[in-house]
Amino acid sequence: MPDRTESESRKLLGRLRAAMAESSAGQARLDRIVRLIAESMGCEVCSVYLFRDPETLELCATVGLKSEAVHKTRMRLGEGLVGRTARDRQVINSANAPGERGFRYMPETGEERFSSFCGVPIQRLGEALGVLVVQSRAARVYTPDEVYALEVVAMVLAEMTELGAFTGGEGGLSPRHQRPITFRGLSGQEGAVSGCVFLHEPRVVVTNPISEDPDKELARLAAAIDALRAQVDAMLAGNGVMDGEEIAVLEAYRMFANSRSWLRRMEEDVRSGLSAEAAVEKEQSHARARMGQAGDAYLRDRLHDLDDLSNRLLRILTGQGRDTGAAMPEDPILVARNIGPGELLEYGKGTLRGIVLEEGSVGSHAAIVARAWAIPLVIRADGIVAEALNGDLVLVDGEQGVAHLRPDDAVRKAFEDKIAMLARAQERYADLRDLPATALCGTTVSLHMNAGLMADLPSLPSSGAEGVGLFRTELQFLVRNQMPKRAELSALYARVMDAARGKRVAFRTLDIGSDKVLSYMKPQDEPNPAMGWRAIRLGLDKPGVLRMQLQALIRAASGRPLSVMFPFIANPGEFRQARAEFDKAMDRERILGHPLPSSIEVGAMLETPSLAFASYTFFREVDFLSVGGNDLKQFFFAADRENERVRRRYDMLESPFLELLSGIVQRCASAGTPLSFCGEDAGRPVEAVALAAMGFRTLSMRPASIGPVKSLIRRVDLKEARKVIDAARIRGDESVRPALTDWLARQP
Ligand code: PEP
Ligand code: MG
């Protein structure tokens, strides 16, 4: 690498700093910058093209081309050499531009046939924002030092664009992060809400891309690197609880953190005039651009490591980050790439007004938490993390799975109307609160709510639920950073029962594993965790925690009725073993002289198809059964409930699944075993009608669904619904949904 101590880039940045310090408006400033670059590099043309929309670039400033073309000349992504630079995010440096593939002559710009062309992508964190171009008559290839200088300037331009430096440009080009954008994803939870963006992992904003004093910046960079290495070392030192895989990841981290070439490149950038954070970001941008192109999974992973380290370094340098970052707005809408249930629970119920995720799936436990909190959730809002800034207005339409970021007035108005309409529907549901879910045929369905946190219990009276049909005890474990003690658990379960005021609460023992990972338990390296060592399997193999939990439940009940159910029972033997643990726990409590529950019922969750075909003996043995439709559907259709691509192909109302349910209903009926359904489908009105028509008399759902489900059940005759379902099945309809929804639409 050439010694750039007194290089082109350093000189150029020195002059650029002066231009940035001026108080001129965005456009004037941009004009001055292109002039400065052309002068410094001795070329006839210097232009800046920025994205007008993701597919279109617009000439925003130029020296050397006709000034009338500014904000008029546009080109599509990939079109001409400029479009190609933007699309491929790679420098094009050619002494014979007209001879290059894709060259496009643009007469409207007054462009002569310039021989040489050098286009450098303007990008921030791997995202293309535009292109910086220099052209000259003489056939020349720009030297590596000149190209480097242009890259550094492009980096600074990227930051300036980010900061809205060109706001107010005469051409009316909205700067990035100011224009309205609509993200069309999927609905994770219904409802409509407006609020302000709160980024789960806020982006670091670099406010000082150009340094005044390279030595000072080098010292800052060195200190930050030391702090980063110390962080990584500390992570490795705490590796007692990690397995080989995690250690390997951290070793790779450490290798990068100590990488001489990474550091050297950043030091070069600082010497050439960038601030320490801008240098880190420049490296990160390179890594991200490469990540997008890397076909090799291993290389992508390593680039990810580098990306992560760069983020850490930026947080150290800027003091911004999750802990020290922006204050939460009053009406926060959480925006994140993805979030685990534990992280989400840390925010606490009542804190967030809505959630928008880039990834995520309807079946994930984070989505279930959002549903329990009854806040709108949009998933698969591709690209929102890069577009949203903390504090931006965002309208979350959980009905349609759409998020409107920085909406214009028309969208805002339409959205207000929608919120008002939904509020009116809520009022109607509130009127039904104390009425039973009795259908026109006289059948009453008992509606219960799903819960998992103390904070859910206040919804019990307000939702009109008759009890808690599923209490997911693992949520309590997920919100902590260490294993709770028995006394704590017992006190907590007692509080849950107190809050339920005599209404039934079906406590499900720990369902850990799959996507529910406890930070304080050794993670398992399993190829298919959803089908792995989870729930009761873990509970029976390592019974310490199960025993503690059972004891805590028995003590909490103390003189009150107790309902316990075991998750993920795949065969009767597992239930028998778990039941034996419960009986032993009861014996111990009896011997210790502790007061016992006034009555007990011990049930199982039916979540694997195998259990649906268990013997009648088993069906008689359990005190009750609860169908966990989320897992049952996942295993019946062999479709990962968290994988949106496959999950949505299948429907609970498909005839074979109803066949399975009908077998379960029939076995329970002949064994006299109480049966309920507690998967997410129970909370969807059409599905709930189908379940009730099939013979389920107890449905457990998120509290917000009780109103809509009750409202629909009260309007239909379940016997008639059953006839419609049976006719569809006999006809051989793949799904009964079309027939059922058609029939429902004809009901008064
Ligand atoms: C289910 O699988 O349907 C269920 C209720 O359990 P969870 O969603 O917690 O796995
Ligand atoms: Mg389950």
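Counting convention: from 1, in listed order, for ligands and their atoms alike.
Remark: ligand 1 and C678 share no N or O pair separated by less than 3.5 Å (distance only, no angle test).
When every heavy atom of R353 is checked against every heavy atom of P376, the shortest pair comes out as O-CD, 3.3 Å. Nearest heavy-atom pair, Q189 versus I375, reported as atom, atom and distance to 0.1 Å: CG-O, 2.7 Å.
Ligand-side atoms of ligand 1 in range of D631: 1 (C), 2 (O), 3 (O), 10 (O), range being under 4.0 angstrom from any heavy atom. With ligand atoms numbered from 1 in the order given, ligand 1 contributes 1 (C), 2 (O), 3 (O) to contacts under 4.0 Å with heavy atoms of G628. Proximity to R641 (heavy-atom distance under 4.0 Å) selects the following atoms of ligand 1: 2 (O), 7 (P), 8 (O), 10 (O). For ligand 1 and L470, the ligand atoms under 4.0 Å from any heavy atom of the residue are 5 (C). Atoms of ligand 1 lying under 4.0 Å from at least one heavy atom of G679, given by number and element, are 3 (O). Taking every non-hydrogen atom of R472 and a distance limit under 4.0 Å, the qualifying atoms of ligand 1 come out as 4 (C), 5 (C), 6 (O), 7 (P), 8 (O), 9 (O). If you number the atoms of ligand 1 from 1 as listed, the ones under 4.0 Å from a heavy atom of D511 come out as 10 (O).
Between the side chains of Q549 and T473, at least one donor-acceptor pair of N or O atoms lies under 3.5 Å. Judged by distance alone, the side chains of S735 and E654 never bring a donor and an acceptor atom under 3.5 Å apart.
Excluding waters, the set of protein N, O or S atoms lying under 2.8 Å from the Mg ion (ligand 2) comprises E607 OE1, D631 OD2.
Under a 4.0 Å heavy-atom criterion, Q634 is not in contact with ligand 1. K633 does not count as a contact of ligand 1, since none of its heavy atoms falls under 4.0 Å from the ligand. Residue contact check for ligand 1: E680 places no non-hydrogen atom closer than 4.0 Å to it.
The environment of CD in E526 is crowded: more than 12 heavy-atom neighbours from other residues, nucleotides or ligands sit within 6.0 Å.
The closest side-chain heavy-atom distance from L625 to C668 is below 4.5 Å. The closest side-chain heavy-atom distance from V627 to C678 is not below 4.5 Å.
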### Message
Is there a salt bridge (Lys or Arg N to Asp or Glu O under 4.0 Å) between R337 and E358? Walk through the geometry before answering.
### Response
CA-CA 5 Å; R337 201 173 297 280; E358 278 201 3; 3.5 Å; yes
### Query
Where do E601 and S563 land on the side-chain hydrogen bond (donor to acceptor under 3.5 Å, both in side chains) test, with the steps shown first?
CA-CA 5 Å; E601 44 169 8; S563 296; 2.4 Å; yes
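The side-chain tip of R504 does not point at the ring of F471 from less than 6.0 angstrom away and within 45° of straight on. Both the sub-6.0 Å distance and the 45° axial angle are not jointly satisfied by R508 relative to the ring of F566.
Scanning R508, E474, M605 for the heavy atom closest to atom 6 (O) of ligand 1 points to R508. The residue from N450, T608, N630, V627 that puts a heavy atom closest to atom 3 (O) of ligand 1 is N630.
Below 30°, between 30° and 60°, or above 60°: for F637 and Y650 the angle between ring planes is below 30°, a parallel geometry.
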